[in-house]
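Here's the structure we're looking at; comments come further down.
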Amino acid sequence: MISGNQRLTFLLLLLIFSSSIFAQKFTISGYVQDNASGEKLIGANVFIKDQNRGTATNNYGFFSLTLPESETDSLTLLGSYIGYRLWQKTLPANSNQQIEIALQLSVLQGETVEVIAEALEPIESKSQMSVIEVPIDQLQHIPALLGEIDVIKAMQLLPGVQSGSEGSSGLYVRGGAPDQNLILLDGAPVYNASHLFGFFSIFNADAVKNVKLTKGGFPARFGGRLSSVMEINLKEGNNQEIDGQFTLGIISSRFNIEGPIKKGKSSFIFSGRRTYIDWLAQPFLKESERGNGYYFGDLNAKFNYILSDKNRLFLSLYSGLDKAYVQNEDKWETAENKLENDLWWGNLTSTLRWNWLISQKLFSNSTFMYSKYRFNVELSDEEKNLDQNTSEAYYLKYHSGIEDWTAAIDFDFLPDPAHDIKFGGTVVGHTFRPGAVHFKSEGNNVFEIDTLIAPVNTQKAIETSFYLEDDFDLTPLLKINAGLHASSFSVNSKLYSSVQPRFSMRYLFGSWALKSSFATMTQYVHLLTNSGIGLPTDLWVPTTPKVKPQKSQQYALGLAHTFADKKLEASLEGYYKKMENLVSYKEGANFVGLDELWEDKITAGKGESYGIELFLQRKQGKTTGWLGYTLSWSNRQFEELNFGNEFPYRYDRRHDLSLVVNHKIRSGIELSGTWVFGTGNSISLPSATYTGFVDYSEFLGEYFGEIKYYSERNGSRMRAYHRLDLSIRFVKGSTERKHVWAFGVYNAYNRKNPFFYFFSEEENSTPVVKQASLFPIIPAISYSYSF
Amino acid sequence: MFQLRKCSTLLVFGLLFFVGCEMIVEVDLPEHEPVLVVNSFFSPENPWVIRVNHSLGILDSNQIEPVKNAKVELEVSGSQTYLLSRNSNGYYYNNAIPLPQVGKNYRVIVSAPGYEAVQGESHVPVAVQIDSVKSRRLLNTSGDIELEITINFKDPVEIENYYQIAVRRVDGPGLYSGYLEFESDDLVFNRDGGTVFTDDLFNGNSYGLKITLYSHQVHGADVRVDFMTTTEEYYKYIKSYRQYEDHDENPFAEPVFVYNNVENGLGIFAGFNRAQPKIASWQQRIYILNSQD
């Protein structure tokens, strides 16, 4: 008896291996890079003009084209990438060749770059859907809060992606939760991608080379999260000459320096950022307050070694920290008191990667990764009695975190231009520390204690996954990406496993493409978070014998089209997503309760989301940018919440619109603006009060209290959110020495957007609902110098 | 340099000054027409009393008043109907109505001018009796003496049961204290710290439920154990109400929705049945509790 799943698996495998065989004669492979820095270009297009065949580079700038025998003696190879001049070269036909394509940046602002339309891979030619890449140059021009360029906030401006609360850098993709996004920094997962309680993301835009967001139609190589995969690749470093950049901003400064270790062979890049409110505030604080402050900072480092034509090695490191601290010392004649409180959290990731070009058609990638997120609260109070020469001290420490060790191997097999076969496997060792409290008391006559007073439930788990996918042309008009992702999770002697079929296709008709996709996903890690703002206290916890893995199925159907001389891309997509085993705190529960295990505080439920997304993007020309619009619904149903009835997800947003425009006024002056509009968030507000009743009738009489009545969980809406941000950049100098002054304004028309609502009373005791808003109109200025 | 730092700091503090501004807003609150609120817990030990008042919109600054002109009817097992009369505080009663009984279904129907008629339905469950109550005194690691009480009972097979435990100090013959807050590590309470529980973990079996009281609560006296078998609606109401009270003011906790079973209105109309109370004795040997115990 063959089950439906088995039949689907068989069909997918048949599709993958029933390749359309045609005469294979010779292969052209190589790398595409920036000619000045040697930086490999991801997603660059390589095209054989004579045979009307092309491909795109992978995440390491590698391409491979296996071609049928040519009737001519030579052929023309074209290389193109946005913002670069077209590269072309005539090559002898019918022989295997390895080529380095070095593209030259278009130097002048607003320079008209020669484009051969076919050399650019238009959106409709790709089999994948629900994928958005925004050129990093465009991201860096988007006006930002306090001038802090923020990759994740730029992603929030895309259709299908919503921000959470005002200013927050959480991502809510197609009705999913923030923990359902796999954020990969050079392949290593990042568990908390925000600074300052979510107002800023941890990625230093100066060090970022490429950002790609996949929100549906997931290829088989991705797994482990339900809603999206965000790949952030850092620059490799200039292997030709020393380059640098520093930027002074209102709240932070950052630097970036890169250069060759051995010219043309190896390179490094260091970048860092730190806020300095704590330093600047010192002169204005009272002496007793000078031990108080807050800062955040990041450090990125990457080393890139070209060992040989076929072997490359990368080492990428990231460390980030947020720290708030309070130190207070009091001295009297007979006593001294010292109080120290520290609150800090941060990520550490490292990736060691070896690229091996096994043959012109087979590329391999071996990776070892380490990723850690920690949250710590430390309190200490020491008191000395100088008369009696005695002392007492109390220490309290709360810590939680997650740690991953990962080994992965990936292969990219390109047997012919009609097939791009990827396969590989990953093993991850997770260690979850969902919260422990350490209390210590010394010198106290009543009790001395050194103990863990909360459950210490460190849990270890092993997650493994394997995948096989093929991106292939079934006919010239029909392209398919089909594959399987299989994964398992072993925790506390319990083994979960899952086979996840993936499928996406496009069918061309003229300059239009009809696309559809289906993906099942399984997620073995969960984030426990209260429904308020994202806090560093949010806990990452594993699937356990009691808490099942999250699962989803997503279906999407869409149209893609390129027009206006290939300068404008448009896509329209509809999606439906079903989610199971979602976790939420029970009513009344939160992370603080020390006497309960986290598994007892949560409840499981399901969710569904559906909607339509429109995306119109212009990537080149004097005016670039995009318009994104989403019409969506997102609901949840938990047996133990809302009396088992379905309710709107907190970020159920009916309308979400983003307009992003960047315009080069003239050489050296660029104006940028964004306008966002979103339906208000769903919140639970009581609609009435009534008398509660507990009958202790026999002796105590009755007890009455006031109960607030909620007609429905998340049954009310905040006011709509809208905001205009503007910025202007003045660029002077050459590419070697460049000065950039950027002036910006966040919330230009000072809209008081809702952050949260609360009940209050006016002077005459009339109850009212008040809205707290966070950011009014905020100016920004930054200066940046690159050399 | 100092000037630059000073300017920057002032700018930052200036910006932060604006952060957190608040305003009064018109909120899209669900429309709320006041509804009748009916509250009554009933058991075979007490005559019928039903309290009727009304709800108020959340932004209404008026006081909640008893509804004094309501028509309150009690329908017994779909056959007999009794009318309850009122007193001045919004309590409706009728001592002529037979006491609540096991095996009968009760429906309350309340109407009043200006309000939609409401109704609620419940019954009196069979009281599961306590088989025995055992107690022992323990000296815990903090040097306090605890009274550990084990309540043994047999849960009926096939039906889902809901229970409540309540304990009082015996202050003299026929004199009891108010209800005492007890502690329990028993899993039936699901770490919620409540007084109600279900038979999910021991359905159809005998069970010994352990609770603990401290010496400062008991003052060397004996303790009376009240063991109630409740209806599902009684259980849900007490459980959700306790959670609500514990977390109402906690901004980090999820809001708690209090259960109600009054159709078209609000409140609770639920039956329960108390077992014959038992006494747990304080006069027991003292055991020393090790940290492993």
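Lettering follows sequence order; numbering is per chain, from 1. The figures that follow rest on heavy atoms only: side chains count, while hydrogens, waters and symmetry mates do not.
Legend: salt bridge (charged side-chain N to carboxylate O under 4.0 Å, His left out) pairs involving residues 274-285 of chain A, not counting sequence neighbours, sorted by first then second residue: A:Arg274-A:Asp278.
For B:Ser40, the part sitting under 4.5 Å from any heavy atom of chain A is the backbone (N, CA, C, O) and nothing else. With a 4.5 Å cut-off on non-hydrogen atoms, A:Ser684 touches chain B through its side chain but not through its backbone. Interface residue A:Tyr709: only side-chain heavy atoms are found under 4.5 Å from chain B.
Shown here is B:Asn62, whose CG atom has more than 12 heavy atoms of other residues, nucleotides or ligands within 6.0 Å.
The candidate from B:Val35, B:Val258, B:Val37, B:Asn53 with the greatest count of non-hydrogen atom pairs under 4.5 Å with chain A is B:Val258. The candidate with the highest count of non-hydrogen atom pairs below 4.5 Å against chain A, out of B:Ile64, B:Leu266, B:Asn260, is B:Leu266.
Minimum heavy-atom separation, B:Gly271 to B:Tyr234: O-CB, 4.0 Å.
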Exercise for the section: Could you give me the CA-CA distance, side-chain angles and deciding distance for B:Val124 and B:Phe42, then say whether side-chain contact (heavy atoms from CB on, under 4.5 Å) is met? Expected result: CA-CA 8 Å; B:Val124 178; B:Phe42 54 90; 3.8 Å; yes
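For A:Tyr710, the ring-ring contact (aromatic ring centres under 6.0 Å, His included) partners two or more places apart in sequence, or in a different chain, are B:Phe257.
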